[in-house]
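Quick notes on the structure that follows.
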Amino acid sequence: NQDWIALAGVATASIYAGGIALANSTFVREGDFAKVASEARYKLLAQNISDVIARHGADGGITFLSPAVEGLAGVPASDLLGHKLLDRVHLADRPAFLTAISDASRGTLPVSLEFRLQRERFNGDQRTAPEFVWVEMRSHAIDSSTAAPAGEKTRRAFRVFCYISRRKADALALENARSEAERAND
């Protein structure tokens, strides 16, 4: 009789452990499916928005750029991964650009910056002289889900780049018109 009770206890414990293992693997599998679905939705959004979305790694290098960057910079996204975007930032704007990236990655508040970016221009298949366009960058820090050594979370950042040359030109025209009106009144 005690043998049957011991056997029933072992069987019950085995079934219980098997159930926990099955539930755990189902939970992990559902989490993986949710992660893949979330990443797919993110990429779908990034591919269909007119602003450029960039994801930066812990070292500040770009790990993802949405396809809209080709319209902004005139080159494919793959040509700007890593630290190659910095080479296209106007030399005078680079210190502010690097500071904004650093501040956004360290802080919890979004950082915004207007800077000039070199855009490649083409006339048909012929490359012409590049031009600089005005871009607004909005940076947001995010915590990585992977803990870094010593238990600290790594900080990553994503950025949204928006073409603002037309807005800058309109503001300059308005300022010039205001100056002309003030000179005419004097």
Side-chain angles (χ1 to χ4, degrees), residues 38-144 154-186:
S38 177
E39 185 72 17
R41 283 191 301 271
Y42 171 76
K43 285 186 178 180
L44 180 65
L45 173 66
Q47 289 171 348
N48 291 292
I49 195 167
S50 60
D51 290 345
V52 176
I53 298 174
R55 188 171 47 214
H56 292 246
D59 68 349
I62 296 174
T63 59
F64 172 82
L65 273 169
S66 64
V69 76
E70 190 165 344
L72 185 64
V75 296
S78 59
D79 289 357
L80 300 173
L81 295 178
H83 294 279
K84 296 175 188 166
L85 179 70
L86 179 62
D87 295 338
R88 293 188 170 275
V89 174
H90 192 282
L91 191 58
D93 297 336
R94 285 183 189 176
F97 180 81
L98 292 171
T99 299
I101 287 175
S102 176
D103 289 350
S105 296
R106 286 184 288 120
T108 56
L109 296 175
V111 174
S112 183
L113 173 71
E114 294 179 357
F115 66 95
R116 291 162 289 182
L117 182 71
Q118 180 181 329
R119 178 194 323 195
E120 296 298 322
R121 293 178 37 205
F122 295 89
N123 185 1
D125 289 341
Q126 290 288 84
R127 179 178 279 176
T128 62
E131 66 180 339
F132 280 95
V133 295
W134 280 98
V135 175
E136 179 182 27
M137 175 180 71
R138 294 177 308 275
S139 300
H140 305 271
I142 52 176
D143 284 322
S144 173
T154 58
R155 302 287 287 179
R156 306 232 188 272
F158 72 93
R159 292 171 176 73
V160 177
F161 298 93
C162 179
Y163 174 82
I164 61 166
S165 287
R166 184 162 292 128
R167 182 177 83 194
K168 292 291 264 187
D170 291 347
L172 181 61
L174 182 62
E175 182 61 34
N176 288 340
R178 187 175 315 157
S179 295
E180 281 294 318
E182 287 175 0
R183 275 194 294 256
N185 285 336
D186 288 339

| Roughly how far, to the nearest 0.5 Å, is CD1 of Ile62 from CZ of Arg159? | 8.0 Å
| task | Check for a donor-acceptor pair, side chain of Ser102 on one end and backbone N or O of Leu98 on the other, with a separation under 3.5 Å. | result | no
| message | For the backbone of Arg116 and the side chain of Asp93, can you confirm whether one donor and one acceptor N or O come within less than 3.5 Å of each other? | response | yes
| What are the two closest non-hydrogen atoms of Phe64 and Ser66, and how far apart are they? | CE2-N, 3.7 Å
| field | Closest non-hydrogen atom pair between Arg138 and Ser112, with its separation | value | CG-OG, 4.0 Å
| Residue pair Leu72 / Val52: nearest heavy atoms and the distance that separates them | CD2-CG2, 3.9 Å
| Closest approach of Glu70 to Pro76 (non-hydrogen atoms, all atoms of both residues) | OE1-CA, 4.1 Å
| Roughly how far, to the nearest 0.5 Å, is CG of Leu85 from NE2 of His56? | 7.0 Å
| field | Polar side-chain atom of Arg119 near backbone of Arg88 as donor-acceptor pair, under 3.5 Å | value | no
| request: Find the distance between CD1 (Ile164) and CG (Leu117) and round it off to the nearest 0.5 Å. | output: 11.5 Å
| note | Here the pair of heavy atoms bringing Phe97 nearest to Leu86 is CD2-CD1, 3.7 Å
| What distance separates Glu131 CD from Glu120 CD, expressed to the nearest 0.5 Å? | 10.0 Å
| field | CZ on Arg55 to CG on Leu81, rounded to 0.5 Å | value | 11.0 Å
| request: Report the relative orientation of the aromatic rings in Phe115 and Phe161; use parallel for angles under 30°, tilted for 30 to 60°, perpendicular for over 60°. | output: perpendicular
| Nearest heavy-atom neighbours spanning Leu65 and Ala54 | CD2-CB, 3.6 Å
| message | Rounded at 0.5 Å granularity, tell me how far CZ in Arg167 sits from CD in Glu114. | response | 5.0 Å
